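Note that the structure is predicted; figures quoted are calculated from it, not measured.
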Amino acid sequence: LARLAGTNIEVHDGKTGVTRNTRLLALYSFSDGNINKDAQITLFTAEDDLLSFYADQLFTLIDFETCIELGSTIASSLYVFYSSHREPYPMSFETLAGVVGLAYGVAPEEVKGKTDDQLRQLRNKRAFNAKQAIVEGLETLMAKGILTFTVKENLVSVKRIAAPGRIGLH
């Protein structure tokens with residue numbers, strides 16, 4: 001492990017033309033002189049250039065400062081959700097309501113004692129409120145330059161906007 005930790009590697013990204021140099025093994029530790037018992041090996045550290053070098057391809061980094069700035073729970077939930085989708089596909093309002101934790105329909109325990117007309121009114125009211133809250137959340141994200149969206153029939157289509165320094169949203 002000591003030799004691996006002392007070995008440097010050079011990684012070149014042909015797409016961007018950037019080359020980085022780093023250690024092959026960032027950290028390692030074990031106790032009682034027994035490496036097979038409880039070795040802890042870290043390939044990258046938070047300070048390592050390689051972490052952000054390939055971050056967009058490996059995982060999404062959610063900017064929690066942006067979540068806080070958004071203010072709205074719905075907008076923050078939509079931001080986190082769409083941060084994990086490189087190319088979001090159209091989704092129904094009902095699906096998005098479930099994503100952000102909004103009631104869209106009627107729960108089975110609410111059915112008892114209600115007429116069909118009352119249930120229909122309740123469903124329509126919740127669907128309307130959920131759609132309104134989702135659109136408001138998406139408008140907040142659009143105002144911040146994070147995404148654009150369109151609504152066609154009951155489907156919401158989103159296009160993420162690339163921004164300098166925003167890792168994970170390209």
Side-chain angles (χ1 to χ4, degrees), residues 9-27 29 40-107 109-110 121-170:
I9 60 171
E10 194 172 85
V11 181
H12 178 76
D13 183 353
K15 187 169 134 184
T16 62
V18 175
T19 301
R20 308 246 181 179
N21 187 303
T22 190
R23 290 179 292 157
L24 184 60
L25 180 64
L27 302 167
S29 67
Q40 298 290 318
I41 298 173
T42 303
L43 296 178
F44 301 110
T45 62
E47 295 78 31
D48 197 326
D49 275 348
L50 282 181
L51 187 64
S52 61
F53 189 54
Y54 289 107
D56 187 46
Q57 298 167 16
L58 300 176
F59 57 89
T60 300
L61 295 176
I62 296 168
D63 181 3
F64 290 104
E65 292 294 323
T66 300
C67 284
I68 293 166
E69 288 173 16
L70 290 171
S72 158
T73 304
I74 304 299
S76 293
S77 297
L78 289 168
Y79 168 71
V80 169
F81 177 71
Y82 283 117
S83 291
S84 67
H85 292 73
R86 181 179 296 276
E87 295 178 18
Y89 49 88
M91 292 190 182
S92 70
F93 278 106
E94 186 171 7
T95 300
L96 289 173
V99 166
V100 299
L102 292 172
Y104 195 86
V106 178
E109 60 271 10
E110 295 177 300
Q121 287 177 359
L122 183 58
R123 254 189 245 107
N124 290 343
K125 180 180 179 184
R126 287 194 180 153
F128 176 80
N129 290 340
K131 287 177 185 180
Q132 193 172 26
I134 290 166
V135 168
E136 286 174 9
L138 291 169
E139 286 173 344
T140 300
L141 295 175
M142 195 163 80
K144 292 281 188 181
I146 294 170
L147 55 75
T148 61
F149 75 98
T150 57
V151 176
K152 185 175 182 181
E153 295 176 19
N154 197 35
L155 292 178
V156 179
S157 297
V158 168
K159 175 119 174 91
R160 298 184 334 173
I161 298 173
R166 189 183 297 143
I167 297 173
L169 280 177
H170 298 283

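Atom OH of Tyr82 and atom CD of Glu87 lie 14.0 Å apart (nearest 0.5 Å).
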May I have the list of side-chain donor-acceptor pairs in residues 126-135 shorter than 3.5 Å, sequence neighbours left out?
{"from": "Arg126", "atom 1": "NH1", "to": "Gly105", "atom 2": "O", "distance (Å)": "3.1"}
{"from": "Arg126", "atom 1": "NH1", "to": "Glu110", "atom 2": "OE1", "distance (Å)": "2.7"}
{"from": "Arg126", "atom 1": "NH1", "to": "Glu110", "atom 2": "OE2", "distance (Å)": "3.2"}
{"from": "Arg126", "atom 1": "NH2", "to": "Glu110", "atom 2": "OE2", "distance (Å)": "2.6"}
{"from": "Asn129", "atom 1": "ND2", "to": "Lys125", "atom 2": "O", "distance (Å)": "3.4"}

Show the atom names and distances, to 0.1 Å, of all donor-acceptor pairs under 3.5 Å that link a side chain in residues 70-78 to residues at least two apart or in another chain.
{"from": "Ser72", "atom 1": "OG", "to": "Ile74", "atom 2": "N", "distance (Å)": "3.2"}
{"from": "Ser72", "atom 1": "OG", "to": "Ala75", "atom 2": "N", "distance (Å)": "3.0"}
{"from": "Ser76", "atom 1": "OG", "to": "Cys67", "atom 2": "O", "distance (Å)": "2.9"}
{"from": "Ser76", "atom 1": "OG", "to": "Ser72", "atom 2": "O", "distance (Å)": "3.1"}
{"from": "Ser77", "atom 1": "OG", "to": "Thr73", "atom 2": "O", "distance (Å)": "2.9"}

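At least one side-chain heavy atom of Thr19 sits under 4.5 Å from a side-chain heavy atom of Glu10. Considering only heavy atoms from C-beta on, Arg123 comes within 4.5 Å of Val106 through its side chain.
For Ser157, the side chain to side chain contact (heavy atoms under 4.5 Å, CB included) criterion is met by Pro90, Thr150, not counting sequence neighbours. Partners of Phe81 under the ring pair (Phe, Tyr, Trp, His ring centres under 6.0 Å) rule, at least two apart in sequence or in another chain, are His85. Partners of Glu136 according to the side chain to side chain donor-acceptor pair (under 3.5 Å) rule, which considers only residues two or more places apart in sequence or in another chain, do not exist here. Looking at residues two or more places apart in sequence or on another chain, you find no side chain to side chain contact (heavy atoms under 4.5 Å, CB included) involving Glu153. Residues forming a salt bridge (Lys or Arg N to Asp or Glu O under 4.0 Å) with Glu139 (at least two apart in sequence, or on another chain): none.
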Go through the steps for Phe93 and Leu102 under the test side chain to side chain contact (heavy atoms under 4.5 Å, CB included), then give the verdict. CA-CA 10 Å; Phe93 278 106; Leu102 292 172; over 6 Å; no
Go through it in stages, so that I can follow the logic: the residues are Met142 and Phe149, the test is side chain to side chain contact (heavy atoms under 4.5 Å, CB included), and I'd like the CA-CA distance, side-chain angles, deciding distance and then a yes or no. CA-CA 8 Å; Met142 195 163 80; Phe149 75 98; 4.1 Å; yes
Side chain to side chain contact (heavy atoms under 4.5 Å, CB included) between Thr148 and Val158, worked out: CA-CA 6 Å; Thr148 61; Val158 168; over 6 Å; no
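The stretch residues 90-100 participates, sequence neighbours left out, in these side-chain hydrogen bond (donor to acceptor under 3.5 Å, both in side chains) pairs: Ser92-Thr95.
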